[in-house]
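Proteins get letters first, then strands, A, B, ... in listed order; numbering begins at 1 in each. Predicted model, so just to flag it, every value in this text is computed and none were measured.
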Amino acid sequence: MRRTHHCNELRAQHIGEKVTLMGWVHLRRDLGGLIFIDIRDREGITQAVFDPSDLSAELFNTASSLRSESVIALTGKVRRRPGNNPTDRIPTGEIEVVVEALEILNQAAVLPFPINDSETTLKVNEELRLQYRYLDLRRPEMINNLRLRSKIAMELRTYMDEQGFLEVETPTLFKSTPEGAREFIVPFRNMPGYFYALPQSPQQFKQILMVSGVEKYFQLARCYRDEDLRADRQPEFTQLDIEMSFIEREDIYCLIEGLLKRIWKLARNIDIPTPFARISFHEVMNRWGIDKPDTRFGMELNDFSEEFKTSAFKVFSGTVAAGGVVKAINAKGLAGATQGQLEAMTEIATGLGAKGLASIKVENGNWKSPIAKFFSESEKEALTRKLQIEEGDLILFAADKEWLRACEILGRIRLYCAELLKAQGKLQIPADQFNFLWVVDFPLMSYDPEMERWYSSHHPFTSPVAEDIPLLKDAPLKVRGQHYDIVVNGVELGGGSIRIHQPSVQKTIFEEVLKIPADLVQSRFGYMLEAFRYGAPPHGGIALGFDRLVAMLCGSASIRDVIAFPKTMKGACLMTQSPGKVEESQLRDLHLTLNVKKETPSPEPLQNS
RNA sequence: GGGGGCGUAGCUCAACUGGUUAGAGCGCUGCCCUGUCACGGCAGAGGUUACGGGUUCGAGCCCCGCCGCUCCCGCCA
């Protein structure tokens with residue numbers, strides 16, 4: 001028996017044909033003298049009917065014993081559903097298959113959770129779904145996520161090919177690099193004491209490919225980072241990795257805008273307008289207090305340093321006198337915030353280094369606030385005008401000697417307030433709104449006061465803006481990097497930069513700015529510096545988080561829903577029970593001995609029926 | 001590393017300030033049912049309340065510990 005059609009194929013035009021379908025028992029409706037089976041495959045559902053007047057008792061009994069999710073093959077004639085029984089519940093609802101032969105290909109055991117009722121399944125414990133991932137993936141919602149992911153990947157490859165890119169694979173057994181994320185390392189039997197590291201990204205290889213003359217490279221690359229996980233972070237993930245030679249920043253913007261336009265059209269039939277806004281790091285911090293702003297709602301940060309320079313409120317005037325800033329946002333309609341919510345906001349603020357969080361509730365025509373009594377009429381007027389204060393508003397202030405910190409504090413508060421307003425129904429954001437923008441002109445270097453050293457804001461291969469190169473050694477803070485991030489709806493979709501292609505500049509960054517010892521630079525990056533000596537073209541690139549992109553287009557809050565076999569927040573695979581222990585002999589081969597202080601209990605064994 | 005949430009039948013949930021034999025729907029098992037499509041009807045089985053301690057006359061509920069899942073901060077060049 002071979003199948004003749006899939007389960008979403010039969011229509012009125014097939015009436016009278018003898019067909020064979022194969023699939024899973026989706027739903028059984030046993031009327032005693034008549035049995036209906038919904039048979040399901042990847043494509044859809046078809047109703048089959050068992051009529052005892054035409055069937056052997058044996059076959060009819062077999063049909064009545066069918067369990068949910070058993071795999072069956074059935075053969076029969078297609079007919080129009082009699083009477084007024086067609087249904088628009090399923091696309092095949094006009095017809096049904098009158099079964100003449102039935103074969104059970106695999107009898108399913110009782111399921112650990114229902115999969116034919118999406119309402120229930122949506123609520124099923126994710127732990128259970130991950131343990132029985134194959135059942136979870138059988139659900140139409142999950143199959144559709146995988147399908148869309150595949151379609152996006154195909155479209156992306158087509159687009160990149162059209163643009164003249166070569167897909168090149170790079171090694172996943174790489175070497176450890178200083179800086180960056182914690183790495184997974186892989187011991188190597190043939191070289192005792194030596195380890196590979198899994199790549200955090202193909203960064204070095206893609207630059208080397210430019211030196212190789214590939215000119216246009218891309219890859220859907222697996223990357224590995226041994227860091228703590230989040231809803232949008234997995235220890236292994238996929239990024240669309242791109243690198244090009246002989247280009248400027250605008251070339252990358254153009255390429256990515258074209259790509260995203262194509263993908264959004266394909267996946268959501270949405271025409272996203274291009275080009276995207278290009279906004280400097282300084283401006284996004286100043287207006288939204290975060291380097292990945294969600295611009296779908298306002299509540300922007302306003303600066304009041306000038307207005308409070310001579311204020312009677314010493315906290316504000318003192319901060320300005322010390323070279324700091326006073327900033328405020330208006331959380332429209334949030335005057336009803338509870339004490340607990342205000343405390344939560346204060347906690348967010350102090351967690352970021354604020355001394356406190358000043359606020360004003362505008363209720364019953366009054367400014368309810370511990371600090372408003374210090375404000376002069378002109379200060380109040382300025383607040384009212386610039387923040388467009390009305391009845392029911394909540395005003396929140398951040399004053400800090402550091403401009404950046406004041407911005408970050410209010411940026412975080414802004415997002416928290418937006419969540420509250422959403423929960424109260426006072427802020428509504430359409431599901432099909434996508435606000436893309438480029439964030440540009442990042443500072444090349446940032447300073448870590450704890451470690452007392454400079455580190456690369458993006459990564460150490462990022463090229464400074466040409467005219468800022470002379471400032472590198474003496475005023476690193478003033479050097480702008482040719483780095484860019486693509487942001488949509490408050491999510492960083494990706495980032496990249498124009499790279500350094502001159503060995504002297506790269507050496508300066510490594511040794512004189514980052515203060516990586518020369519011998520370490522030589523052992524870790526020596527091959528790159530060497531490569532750059534033999535004709536390295538100017539080049540640059542970008543990487544997009546592919547899982548995040550797909551999750552966004554699927555409307556999933558978690559990237560776990562668009563990855564076939566994701567890991568839990570602790571990095572475990574609940575289906576295969578990985579990671580696992582290894583045999584003593586394996587350790588011996590690798591010349592490793594364990595020094596485990598606290599025995600980690602083995603995960604609970606799978607329950608077998 | 002830190003903070004929050006969750007864990008009760010196979011699944012989703014309930015069980016008042018600690019108080020009888022821990023309930024319901026779905027699923028499962030058996031019987032009935034010839035046009036259903038969440039089919040319907042009747043009956044039944046099914047529980048170490050994640051796990052280990054403690055307080056109490058009495059703990060699903062309170063306390064301590066521990067495991068797992070999840071969300072956030074730190075971290076993720």
For atom [atom1] of [X] and atom [atom2] of [N], their distance in whole Å:
X: A:Asn116; N: B:rC28; atom1: CG; atom2: P; result: 9 Å
X: A:Leu31; N: B:rG40; atom1: CG; atom2: P; result: 10 Å
X: A:Lys570; N: B:rG1; atom1: NZ; atom2: C1'; result: 12 Å
X: A:Ile348; N: B:rG4; atom1: CD1; atom2: C1'; result: 13 Å
X: A:Ile90; N: B:rU36; atom1: CD1; atom2: C1'; result: 12 Å
X: A:Arg233; N: B:rC75; atom1: CZ; atom2: P; result: 10 Å
X: A:Asp228; N: B:rG1; atom1: CG; atom2: C1'; result: 8 Å
X: A:Glu69; N: B:rC28; atom1: CD; atom2: C1'; result: 15 Å

Tell me whether the side-chain N/O atoms of [X] come closer than 4.0 Å to OP1 or OP2 in [N].
X: A:Arg67; N: B:rU29; answer: yes
X: A:Arg29; N: B:rC39; answer: yes
X: A:Arg28; N: B:rC37; answer: no

Between [N] and [M], how far apart are the two [atom1] atoms, rounded to whole Å?
N: B:rG60; M: B:rC37; atom1: C1'; answer: 40 Å
N: B:rU48; M: B:rU8; atom1: C1'; answer: 12 Å
N: B:rA45; M: B:rA22; atom1: P; answer: 14 Å
N: B:rA14; M: B:rG25; atom1: C1'; answer: 11 Å
N: B:rC31; M: B:rA50; atom1: C1'; answer: 37 Å
N: B:rA9; M: B:rG27; atom1: C1'; answer: 11 Å
N: B:rC11; M: B:rG47; atom1: P; answer: 13 Å
N: B:rG58; M: B:rC13; atom1: C1'; answer: 26 Å

For [N], give its Watson-Crick or G-U wobble partner with both distances under 3.5 Å, or none.
N: B:rG30; answer: B:rC42
N: B:rG18; answer: none
N: B:rG65; answer: B:rC51
N: B:rU8; answer: none

Problem - Inter- and intrachain pairs under side-chain hydrogen bond (donor to acceptor under 3.5 Å, both in side chains), touching residues 49-60 of chain A, at least two apart - result: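 Non-adjacent pairs meeting side-chain hydrogen bond (donor to acceptor under 3.5 Å, both in side chains): A:Asp51-A:Ser53.
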Problem - Pairs satisfying side-chain hydrogen bond (donor to acceptor under 3.5 Å, both in side chains), at least one member in residues 565-576 of chain A, at least two apart - result: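 Matches after skipping sequence neighbours: A:Glu236-A:Lys567.
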Problem - Side chain to side chain, A:Phe510 and A:Pro460, heavy atoms closer than 4.5 Å - result: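 A:Phe510 vs A:Pro460: side chains touch.
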Exercise for the section: Decide yes or no for A:Arg40 and A:Glu69: does some side-chain heavy atom of the first lie under 4.5 Å from some side-chain heavy atom of the second? Expected result: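 Yes, their side chains come closer than 4.5 Å.
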Problem - Under the side-chain contact (heavy atoms from CB on, under 4.5 Å) test, residues paired with A:Arg230 that sit two or more places apart - result: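 With sequence neighbours excluded, A:Arg230 shows a side-chain contact (heavy atoms from CB on, under 4.5 Å) to A:Asp232, A:Arg233, given in chain and number order.
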Problem - Residue pair A:Pro464 / A:Leu444: nearest heavy atoms and the distance that separates them - result: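 The pair with the smallest heavy-atom distance is CG-CD2, 3.9 Å.
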Validation: residues 520-529 of chain A side-chain donor-acceptor distances under 3.5 Å, sequence neighbours left out:
| residue | atom | partner | partner atom | Å |
| --- | --- | --- | --- | --- |
| A:Ser523 | OG | A:Leu520 | O | 3.2 |
| A:Tyr527 | OH | A:Gln204 | NE2 | 3.4 |

Exercise for the section: For atom NZ of A:Lys507, decide whether the heavy atoms of other residues, nucleotides or ligands shown that lie under 6.0 angstrom number more than 12. Expected result: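 At most 12 heavy atoms, drawn from other residues, nucleotides or ligands, come within 6.0 Å of this atom.
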N/O to N/O distances under 3.5 Å, protein versus nucleotides 10-12 of chain B:
| residue | atom | partner | partner atom | Å |
| --- | --- | --- | --- | --- |
| B:rG10 | O2' | A:Pro112 | O | 2.6 |
| B:rU12 | OP1 | A:Asn125 | N | 2.8 |
| B:rU12 | O2' | A:Lys123 | NZ | 3.2 |

Handout entry: Non-neighbouring partners of A:Lys515 that pass side-chain hydrogen bond (donor to acceptor under 3.5 Å, both in side chains), sequence neighbours left out
Key =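 Listed in chain order: nothing, the list is empty.
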Handout entry: Donor-acceptor pair present, A:Arg81 side chain and B:rU36 base, under 3.5 Å
Key =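 Under the 3.5 Å cut-off, the side chain and the base do form a donor-acceptor pair.
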Practice task
Answer with yes or no whether A:Gln131 presents, from its side chain, a donor or acceptor under 3.5 Å of a partner atom in the base of B:rG68.
Solution key: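 No pair found.
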